[in-house]
Amino acid sequence: MLYHIFTDASADLDPAFAAREDIRVIPMVYTVGDMTRTYTGVAKDGELEEYYDGQRKLLPSGTTQINPQNYVDAFHPYCEKGEAILYLSLSGGLSSTYQSSLMGVQELLEEFPDAKIRCVDSRSATIGIGVLAEAAAANRAAGMSLDENGDWLEDNRLRLRHWFMVEDLGFLKRGGRISPATAVVGAALNIKPILRILPDGTLQSFARKRGPRAAMDQLVSFYRETGIHEPGERVSVVHADNPEAARYLTEQVLAVNPQAVVTQTLLTPIIGCHVGPGMCAIVNWSSGERD
């Protein structure tokens, strides 16, 4: 059966790849200052840099959740044609998008009882979702059925490791990830928290380093411990308008595995509003699951 692959605009998926492999992206809305924009997964020239400049100026920023009706509107034309859908969402531990997708699908099934729609919680964020979407496209091309592909994604999603360093503690404070007192002390001591995504898809601040270089070296150390380190290993470096950090992390990853394929991605506003400018991360496959 023909089936279409969908993800959402938080995925940091390469737009050229998405277009070539026919991966559909459900838009998400973000705000900065008095500006509201719909992000479709394709940034206009300068859009992301403008967004992070606004954050540096302390303009309020945020995102709007995808609601169930958005999913109904996106999936309805395919249900009318009897075409199946595989949807890969932002982690349900970080957002309500996954639950909204299930609610939208339930509404669609009332009109199209025979519709085939599989929603998968990626338990991932940013380029981690993008990497899973790329794998889903490869699986489809190799002949996997919709359910086989969905099962593969659920069986392998926890092999993706996400290691983050946050530059500005104020964004974690506003998001309730750390206390105001911790933010004040951390800023005074130049403390940089290290975060990871847990098996349930939630975010955890689990280590701290003094200064950005020490924090980035810790990210590389975690990659060294968990990476596969084979020829052609896919490793992703993500940054929130911090190209110098991205270059450094790329160099250090290649020092660990010179045969790795390292991509650099500028973080979208959908995740950027929660971590702020300067964030950098390494996302890598591992042979074992997260703990």
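No more than 12 heavy atoms of other residues, nucleotides or ligands lie within 6.0 Å of CG in D45, so this atom counts as exposed by the packing criterion. Taking a 6.0 Å sphere around CE of M144, one finds it holds more than 12 heavy atoms contributed by other residues, nucleotides or ligands. Within a 6.0 Å radius of CG in D34, other residues, nucleotides and ligands contribute 12 heavy atoms or fewer. For K81, the NZ atom sits in a packed shell: over 12 heavy atoms of surrounding residues, nucleotides or ligands are nearer than 6.0 Å.
Contact check for L48 versus Y39: side-chain heavy atoms found under the 4.5 Å cut-off. The closest side-chain heavy-atom distance from Q69 to M103 is not below 4.5 Å. Using a 4.5 Å heavy-atom cutoff, the side chains of E49 and L266 are in contact. By the 4.5 Å heavy-atom criterion applied to side chains, T36 and Y30 are not counted as neighbours.
Rounded to the nearest 0.5 angstrom, L195 CG and M165 CE are separated by 10.5 Å. Note that the CZ atom of R224 and the CD atom of Q252 stand 8.0 Å from one another [nearest 0.5 Å].
Of the N and O atoms on the side chains of W163 and N284, at least one donor lies less than 3.5 Å from an acceptor on the other residue. Of the N and O atoms on the side chains of Y51 and D241, not one donor lies less than 3.5 Å from an acceptor on the other residue. When only modelled atom types and interatomic distance are considered, D121 and Y87 share no side-chain donor-acceptor pair under 3.5 Å. Side chain to side chain, D8 and S10 meet the donor-acceptor criterion of an N or O pair below 3.5 Å. Side chains of H239 and Q264: a donor-acceptor N/O pair is absent below 3.5 angstrom, by distance only.
F164 and H274 have their aromatic ring centers separated by at least 6.0 angstrom.
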Exercise. Begin from the C-alpha positions of E83 and K116 and carry the test salt bridge (charged side-chain N to carboxylate O under 4.0 Å, His left out) through to its verdict.
Key: CA-CA 8 Å; E83 297 171 353; K116 184 65 175 178; over 6 Å; no
Quiz item: Stepwise, does the salt bridge (charged side-chain N to carboxylate O under 4.0 Å, His left out) test hold for R118 with E148?
Solution: CA-CA 11 Å; R118 175 80 176 263; E148 288 171 338; over 6 Å; no
Quiz item: Does the pair D200 and R290 meet the rule for a salt bridge (charged side-chain N to carboxylate O under 4.0 Å, His left out), with working shown?
Solution: CA-CA 10 Å; D200 65 357; R290 304 173 205 163; over 6 Å; no
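With C280 as the fixed residue, the side chain to side chain contact (heavy atoms under 4.5 Å, CB included) test singles out one of V238, V275, L219, L267: L219.
Applying the side-chain hydrogen bond (donor to acceptor under 3.5 Å, both in side chains) rule to pairs touching residues 98-114 yields H76-E111, sequence neighbours excluded. For residues 6-25, the ring pair (Phe, Tyr, Trp, His ring centres under 6.0 Å) pairs, not counting sequence neighbours, are F6-F75, F6-Y78.
Both the sub-6.0 Å distance and the 45° axial angle are not jointly satisfied by R161 relative to the ring of Y223.
With hydrogens and angles disregarded, no donor-acceptor distance shorter than 3.5 Å links the side chain of S124 to the backbone of I129. Side-chain atoms of S91 come within 3.5 Å of backbone N or O of G201 as a donor-acceptor pair.
Contact between F222 and I194 at its shortest, heavy atoms only, is CE1-CG2, 3.8 Å.
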